[in-house]
Amino acid sequence: MTVRRLLCAALLACFCALPAACAAPSATPNQSSPSAASAARTAPQNQVQADLDILKRAYPDVVASVSADGLTLRDGTRLIYDDGKAKTPDQALDDADLQDMLAQPYPLSPVTAEPGPGVHPGRVRVTAFFKAAYGHNPDEVKAALVPVRFLGTTVQFSSRNGAAKALGAVNADLERLLAAKPELRRAVLPVSGTFAWRQIAGTQRLSMHSFGAAIDLNAKVNTYWQWYKGNDPLGLRKAFPPEVAEVFERHGFVWGGKWAEFDIMHFEYRPELIAKARAAR
């Protein structure tokens with residue numbers, strides 16, 4: 001009887017240990033868990049420093065100092081490079097960190113195919129960064145606006161961060177281009193707007209027009225993805241003169257025609273994205 005009791009006790013102990021052993025693997029994070037996704041998006045330190053240095057060089061009057069994990073801006077704002085959050089492309093639009101803002105490479109080559117879903121380099125912006133760069137409210141932005149001659153008209157553009165100077169350089173190159181190819185004028189004129197402090201339709205995000213650092217060209221011809229009723233967006237992108245887009249890119253602007261959610265008329269001054277694209281070549 002004593003031996004029988006000992007055997008029963010041993011079997012019972014083994015049986016009771018089984019659930020804990022079986023449960024252990026389920027405690028390991030899987031690929032779809034937030035923590036695993038966050039780890040997967042962690043950039044190597046050399047990439048972190050390269051991105052932060054690009055921002056410092058592109059906006060020397062905005063960035064006060066660079067650290068191993070972020071920036072301190074001259075208005076006192078502290079921005080972390082990676083907030084550690086796993087995000088969908090839509091979530092990155094609404095809650096971007098500096099890594100999100102620089103994650104998607106801007107293509108310098110002409111458009112030959114549709115961008116993939118959620119591919120929109122330049123649309124992801126850290127609003128606090130651009131408020132520090134151009135103004136925290138409409139009055140601050142307006143105080144920095146200067147007149148810039150653009151293809152026979154005058155537009156208002158921010159004098160900060162070299163934006164107005166860059167648009168002036170675009171104008172000089174476009175005047176030469178349109179003199180040689182006057183048929184391209186229809187794609188760029190009239191100008192449909194520069195400064196306007198406003199949110200992007202259907203969002204709480206400020207447009208780059210709010211900062212006086214974007215320009216729209218001939219909205220009657222160059223459409224926007226939410227207005228488009230056709231079925232050939234690639235044809236729209238290709239119809240816009242690539243040599244015009246290249247002139248803007250040459251001077252630090254990105255084109256909304258290269259976004260999945262296309263904005264054919266739209267160019268915005270984003271020297272950091274152009275600098276990163278050139279460095280990757």
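Source: prediction; values computed, not measured.
- Between His266 and Trp259, the ring-plane angle classifies as tilted under the 30° and 60° cut-offs.
- At most 12 non-hydrogen atoms from other residues, nucleotides or ligands lie less than 6.0 angstrom from CD of Gln204.
- Leu174 contributes atom CG, which lies 12.5 Å from atom NZ of Lys181 (distance to the nearest 0.5 angstrom).
- The pair Asp61-Arg74 fails the salt-bridge criterion, with no side-chain N (NZ, NE, NH1 or NH2) lying under 4.0 Å from an Asp/Glu carboxylate O.
- Remark: side-chain polar atoms of Lys276 are paired, donor with acceptor, to backbone N or O of Leu102 under 3.5 angstrom.
- Note that CD of Glu272 is 9.0 Å distant from OH of Tyr269, once rounded to the nearest 0.5 Å.
- Under the 4.5 Å side-chain heavy-atom criterion for grouping Ile, Leu, Val, Met, Phe, Trp and Tyr, Trp225 is not connected to Val119 through any hydrophobic cluster.
- Between Lys131 and Asp75 the shortest side-chain heavy-atom distance does not fall below 4.5 Å.
- Remark: side-chain polar atoms of Asp100 are paired, donor with acceptor, to backbone N or O of Asp97 under 3.5 angstrom.
- Residues Ala164 and Val148 share a closest heavy-atom pair of CB-CG2, 3.8 Å.
- For Asp173 and Arg176, the salt-bridge test passes: some basic side-chain N is under 4.0 Å from an acidic carboxylate O.
- Tyr81 and Asp51 form a side-chain donor-acceptor contact under 3.5 Å, judged by distance and modelled atom types alone.
- Centroid-to-centroid, the aromatic rings of Phe129 and Tyr59 come within less than 6.0 Å.
- Separation of atoms CD (Gln199) and CG (Leu206) is listed at 6.0 Å; rounding is to 0.5 Å.
- With salt bridges taken as basic N to acidic carboxylate O contacts below 4.0 Å, one links Arg250 and Glu246.
- Between Phe262 and Tyr228, the ring centre distance stays below 6.0 Å.
- Formation of a donor-acceptor pair under 3.5 Å by the Asn137 side chain with backbone atoms of Asp139 is found in this model.
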**Request:** Any chance you could lay out the side-chain contact (heavy atoms from CB on, under 4.5 Å) test for Trp255 and Asp263, step after step, and finish with the verdict?
**Result:** CA-CA 8 Å; Trp255 176 40; Asp263 193 349; over 6 Å; no
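- Heavy-atom minimum distance, His251 versus Arg278: N-NH2, 4.4 Å.
- Side-chain atoms of Thr72 do not come within 3.5 Å of backbone N or O of Arg78 as any donor-acceptor pair.
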**Request:** Evaluate the ring-ring contact (aromatic ring centres under 6.0 Å, His included) criterion for residues Phe248 and Phe267: first the C-alpha distance (whole Å), next the side-chain angles of each, then the deciding distance (0.1 Å), finally the verdict.
**Result:** CA-CA 8 Å; Phe248 274 93; Phe267 289 89; 4.0 Å; yes
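- Relative orientation of the Tyr134 and Phe130 rings is parallel, given thresholds of 30° and 60° on the angle between their planes.
- The line from CZ of Arg125 to CG of Leu98 is 14.5 Å long, rounded to the nearest 0.5 Å.
- Connection of Leu184 to Val221 is not established within any shared hydrophobic cluster, with ILVMFWY side chains joined at heavy-atom distances below 4.5 Å, either directly or through further cluster members.
- Evaluation of the ring pair (Phe, Tyr, Trp, His ring centres under 6.0 Å) rule for Tyr106 yields no partner, not counting sequence neighbours.
- Pairing each heavy atom of Ala275 with each of Ile54, the nearest pair is CB-CG2, 4.4 Å.
- Both Val244 and Leu234 are assigned to one and the same hydrophobic cluster, defined by single-linkage of ILVMFWY side chains at heavy-atom distances under 4.5 Å.
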**Request:** Could you walk me through whether Asp216 and His209 pass the side-chain contact (heavy atoms from CB on, under 4.5 Å) test, one step at a time?
**Result:** CA-CA 9 Å; Asp216 287 343; His209 288 282; 3.2 Å; yes
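- Hydrophobic clustering (ILVMFWY, side-chain heavy atoms < 4.5 Å, transitive): Val170 and Leu151 are in one cluster.
- The one candidate from Asn218, Leu178, Ile215, Asn222 that meets the side chain to side chain contact (heavy atoms under 4.5 Å, CB included) condition with Val188 is Leu178.
- For the pair Thr153 (side chain) and Phe150 (backbone), a donor-acceptor distance under 3.5 Å is absent.
- For the pair Glu175 and Arg149, the salt-bridge criterion is not met [side-chain N within less than 4.0 Å of a carboxylate O].
- Here the side chain of Thr194 pairs a donor or acceptor atom with the backbone of Gln156 at under 3.5 angstrom.
- Using a distance-only test at 3.5 Å, with no hydrogens or angles considered, no donor-acceptor pair links the side chain of Ser158 to the main chain of Leu145.
- Around the NZ atom of Lys56, the shell of radius 6.0 Å holds more than 12 heavy atoms that belong to other residues, nucleotides or ligands.
- Under the side chain to side chain contact (heavy atoms under 4.5 Å, CB included) criterion, Leu93 pairs with Asp90, His120, Arg123, Val124, Arg205, not counting sequence neighbours.
- When every heavy atom of Ala132 is checked against every heavy atom of Leu73, the shortest pair comes out as CB-CD1, 3.6 Å.
- No side-chain donor-acceptor contact under 3.5 Å links Trp197 to the backbone of Phe211.
- Checked by atom type and distance alone, the side chain of Glu268 never pairs as donor or acceptor with a backbone atom of Ser207 at under 3.5 Å.
- In terms of heavy-atom proximity, Leu55 sits nearest to Val63 at O-CG2, 3.9 Å.
- For residues 107-122, the set of pairs meeting the salt bridge (Lys or Arg N to Asp or Glu O under 4.0 Å) definition, not counting sequence neighbours, comprises Glu114-Arg237.
- For the atom pair CG (Leu167) and OG (Ser159), the distance works out to 12.5 Å, reported to the nearest 0.5 Å.
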**Request:** Give the C-alpha distance, both sets of side-chain angles, the deciding distance and a yes or no for side-chain contact (heavy atoms from CB on, under 4.5 Å) between Thr77 and Leu71.
**Result:** CA-CA 8 Å; Thr77 302; Leu71 303 174; over 6 Å; no
**Request:** Please test Asn46 against Gln49 for side-chain contact (heavy atoms from CB on, under 4.5 Å), starting from the C-alpha separation and ending with a verdict.
**Result:** CA-CA 5 Å; Asn46 63 339; Gln49 287 305 124; 5.9 Å; no
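- The pair Asp94-Lys87 fails the salt-bridge criterion, with no side-chain N (NZ, NE, NH1 or NH2) lying under 4.0 Å from an Asp/Glu carboxylate O.
- From Ile264, atom CD1 reaches atom CZ of Phe240 across 8.0 Å, with rounding to the nearest 0.5 Å.
- Here the shortest heavy-atom pairing between Ala96 and Val126 reads O-CG2, 3.7 Å.
- A donor-acceptor distance shorter than 3.5 angstrom exists from the side chain of Arg270 to the backbone of Gly122, with no hydrogens or angles considered.
- Put simply, the side chain of Pro107 reaches to within 4.5 Å of the side chain of Pro121, judged on heavy atoms.
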